[in-house]
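Chain A is the first sequence line, chain B the second, and so forth, proteins listed ahead of strands; every chain is numbered from 1.
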2 protein chains.
Amino acid sequence: MASDVKSPTGPRSRADALDEPTCTAADAVLSTLATQASRLRTRRGQNIALTLEGGEAVFIVRSGAFMLHVTMPDTPRQVVAFFFRGDVLRSSFAPPHANATLTSASAAEVWRLRWTVLEGLAAADPALACFLQDAMATQMARHAVHVAAIGQFSGEQRVATVLTELAMRTGMPTPAGGLMLDMPFSRKDIADYLGLNSDTLSRIMSRLRSTGVLGHSERSRALVRDFQALARLSPAARSLAEIHRGRRGGHCQSKLD
Amino acid sequence: MASDVKSPTGPRSRADALDEPTCTAADAVLSTLATQASRLRTRRGQNIALTLEGGEAVFIVRSGAFMLHVTMPDTPRQVVAFFFRGDVLRSSFAPPHANATLTSASAAEVWRLRWTVLEGLAAADPALACFLQDAMATQMARHAVHVAAIGQFSGEQRVATVLTELAMRTGMPTPAGGLMLDMPFSRKDIADYLGLNSDTLSRIMSRLRSTGVLGHSERSRALVRDFQALARLSPAARSLAEIHRGRRGGHCQSKLD
DNA sequence: CGCTGAGTTGAGAAGGTTCAAGGTATGTGG
DNA sequence: CCACATACCTTGAACCTTCTCAACTCAGCG
């Protein structure tokens with residue numbers, strides 16, 4: 001597989017990065033919102049109301065991690081998505097009658113605006129409109145990966161996938177050549193994201209630890225000893241790498257190319 | 001549950017329909033695209049290239065049914081979403097390196113534009129921008145329901161959910177008080193959408209037939225004898241009803257309210 | 001020091017999957 | 001019009017993964 005991964009252009013390659021730079025840098029675009037948005041600072045575990053005085057709101061994540069989860073009647077909850085810096089969420093993304101909740105998984109900051117306000121600003125500022133559309137597109141692509149993982153991957157593949165994703169978001173290299181990840185999400189959160197039982201998740205992670213892919217670490221942190229082995233376990237590793245390219249600096253990127 | 005369903009406003013009710021009518025009728029908005037888009041007519045089973053001369057494209061479904069499916073290395077394919085009239089899809093919604101394919105499930109019509117063109121038109125026409133944003137929002141909500149179904153529902157609940165969804169899209173009432181659905185998707189398609197094996201799907205549908213929820217019918221068609229019983233089997237029935245409200249006329253709506 | 005909540009682990013049960021065989025509709029060519 | 005081929009669907013039996021439930025560990029904390 002190593003040689004396969006070397007080729008940056010896969011079969012059926014879709015739009016190249018060439019299409020995307022129409023958008024100017026996200027931070028420049030967003031700076032214009034600073035005066036319009038309320039900046040919410042959250043602590044771990046805090047729930048955020050999805051609507052604003054009963055109306056539609058938008059949330060733009062500035063730092064930290066959030067998750068959107070839903071609970072359909074008579075079923076356990078499902079974590080629909082994780083959100084990190086740059087992600088955008090509208091109230092109406094949450095299905096009605098589904099007991100949807102937006103929860104902060106770590107100390108975090110999110111900007112909130114009335115949707116109608118942001119809509120108006122986007123109408124006047126093409127760069128902002130583009131930023132929003134591209135945020136949607138990226139999230140749709142991540143969503144597709146998530147669905148494929150829940151629908152078709154084995155337990156181990158799912159766990160490897162979510163760890164790969166977190167490694168790309170928050171992984172920092174360690175002297176020993178591994179990666180240290182922040183784990184803002186609890187075992188239960190991750191299990192609910194993956195459609196697994198948390199006992200099963202725990203078993204799988206123990207197995208990964210015993211095969212040397214993961215290492216021991218303090219709570220709310222995880223040590224990936226062998227990122228390439230982890231990526232090899234996840235059928236979605238290359239997709240995720242491509243999706244995350246251009247977002248953060250990415251210490252993992254180089255290891256897949 | 002019948003009495004529960006009577007109340008139109010659930011707990012934690014999110015933005016009311018009041019927010020949405022900012023958008024003018026979809027058909028009026030889209031009519032302005034008629035000269036810009038290529039109208040593709042497809043037959044059942046036809047694959048549509050996701051990119052347009054290597055660049056990013058948008059597809060707006062006008063009639064018929066489509067599905068987007070992805071296949072990650074070493075895993076079976078996953079149908080990520082079904083698309084019907086009014087749905088919008090960008091090339092970049094498909095994750096890279098995932099062997100993504102857009103397939104027509106029936107004779108259908110879809111409009112295709114270069115994304116940059118539609119982006120320009122939307123910048124000039126707020127109603128179009130609003131239509132696009134709301135299409136995204138609806139699809140995100142449906143996506144959340146789909147993830148919850150795959151992640152947390154039992155096989156029977158998943159099947160009931162997809163049948164409920166199809167009933168809301170394409171169901172026509174029969175003299176006997178049931179609903180006749182077009183089934184543009186094969187058993188395998190539906191199984192891949194639900195993250196089930198097609199053998200299992202077949203077994204579940206047989207069971208539903210033997211319990212009188214479904215009836216016998218010709219191929220590529222399904223007969224729902226008792227829609228309310230079906231909806232009772234799906235934890236997502238109320239969510240779906242709410243999401244679809246205001247889209248088609250919906251013969252099913254009245255039965256849930 | 002005992003409480004609490006999160007994580008781990010084992011044994012048995014449940015639900016899906018796999019594989020293989022048979023059935024049923026649709027289309028094709030004689 | 002029939003015989004045949006094909007694709008799709010159905011069903012049964014054995015198997016396997018994951019879930020369930022319960023016991024246990026461990027860290028943080030009053």
Side-chain angles (χ1 to χ4, degrees), chain A residues 44-45 74-79 103 105-106 149-163 181-211 214-223 233, chain B residues 43-46 67 74-79 103 105-107 149-163 181-211 214-223 233:
Chain A
R44 184 187 152 80
D74 309 318
T75 64
R77 77 166 185 175
Q78 171 69 40
V79 173
T103 304
S106 63
I150 299 183
Q152 305 296 345
F153 292 8
S154 70
E156 191 173 77
Q157 290 175 324
R158 296 186 208 185
V159 175
T161 301
V162 75
L163 289 175
L181 320 188
D182 282 321
M183 290 290 269
F185 308 104
S186 71
R187 288 279 188 278
K188 185 97 191 20
D189 294 336
I190 293 179
D192 291 348
Y193 177 75
L194 295 177
L196 288 175
N197 188 299
S198 61
D199 302 316
T200 304
L201 174 61
S202 182
R203 263 182 268 272
I204 292 171
M205 292 198 66
S206 300
R207 204 188 317 151
L208 292 178
R209 229 176 283 121
S210 74
T211 55
L214 299 182
H216 288 268
S217 62
E218 36 192 316
R219 199 170 270 251
S220 84
R221 207 140 267 237
L223 174 62
L233 289 176
Chain B
R43 50 182 200 291
R44 183 186 152 81
Q46 188 174 338
M67 60 187 183
D74 308 319
T75 64
R77 77 166 183 173
Q78 171 69 40
V79 174
T103 304
S106 62
I150 300 182
Q152 306 296 345
F153 291 9
S154 70
E156 191 174 73
Q157 290 174 324
R158 295 186 209 187
V159 175
T161 301
V162 77
L163 289 175
L181 320 188
D182 282 321
M183 290 290 271
F185 308 103
S186 72
R187 288 281 187 278
K188 185 99 192 16
D189 294 335
I190 293 178
D192 290 349
Y193 177 76
L194 296 176
L196 288 175
N197 188 300
S198 60
D199 302 287
T200 304
L201 174 62
S202 183
R203 261 181 269 273
I204 292 171
M205 292 198 63
S206 301
R207 205 189 315 153
L208 292 178
R209 229 175 284 122
S210 74
T211 55
L214 299 182
H216 288 267
S217 62
E218 38 194 314
R219 198 170 271 250
S220 84
R221 205 141 270 237
L223 173 63
L233 289 175

Under the 3.5 angstrom rule, does the side chain of [X] hit a backbone N or O of [Y] as a donor-acceptor pair?
| X | Y | value |
| --- | --- | --- |
| B:D182 | B:P184 | no |
| B:Q152 | A:G195 | no |
| A:T211 | A:R207 | yes |

key: Closest non-hydrogen atom pair, A:F185 against A:I190   = CB-CG1, 3.8 Å
Which of these nucleotides, [options], is closest to any side-chain atom of [X]?
| X | options | result |
| --- | --- | --- |
| A:N197 | D:dC9, D:dT18, D:dT20 | D:dT20 |
| B:S202 | D:dT18, C:dT8, D:dT10 | D:dT10 |
| A:S206 | C:dT8, D:dT11, C:dT17 | C:dT8 |

Look at all strands and tell whether [X] reaches a base, only sugar-phosphate, or nothing, counting heavy atoms closer than 4.0 Å.
| X | result |
| --- | --- |
| A:S154 | sugar-phosphate |
| B:G195 | sugar-phosphate |
| B:R209 | sugar-phosphate |

Got a donor-acceptor pair under 3.5 Å from the side chain of [X] to the base of [N]?
| X | N | result |
| --- | --- | --- |
| B:R44 | C:dT26 | no |
| A:D199 | D:dC21 | yes |
| B:R203 | D:dG12 | yes |

Separation of atom [atom1] in [X] from atom [atom2] in [N], rounded to whole Å:
| X | N | atom1 | atom2 | answer |
| --- | --- | --- | --- | --- |
| B:M183 | D:dA7 | CE | C1' | 17 Å |
| B:E218 | C:dT24 | CD | P | 17 Å |
| A:L194 | D:dT17 | CG | C1' | 16 Å |
| B:L196 | D:dC9 | CG | C1' | 16 Å |
| A:R221 | D:dA27 | CZ | P | 18 Å |
| B:R187 | D:dC9 | CZ | C1' | 7 Å |
| A:M205 | C:dT8 | CE | C1' | 12 Å |

ask   = Roughly how far, to the nearest 0.5 Å, is the OG1 atom of A:T200 from the CZ atom of A:R187?
value = 13.0 Å
message = For a quick test of reading the model: is some side-chain N or O of B:T200 closer than 4.0 Å to OP1 or OP2 of C:dG16?
response = no
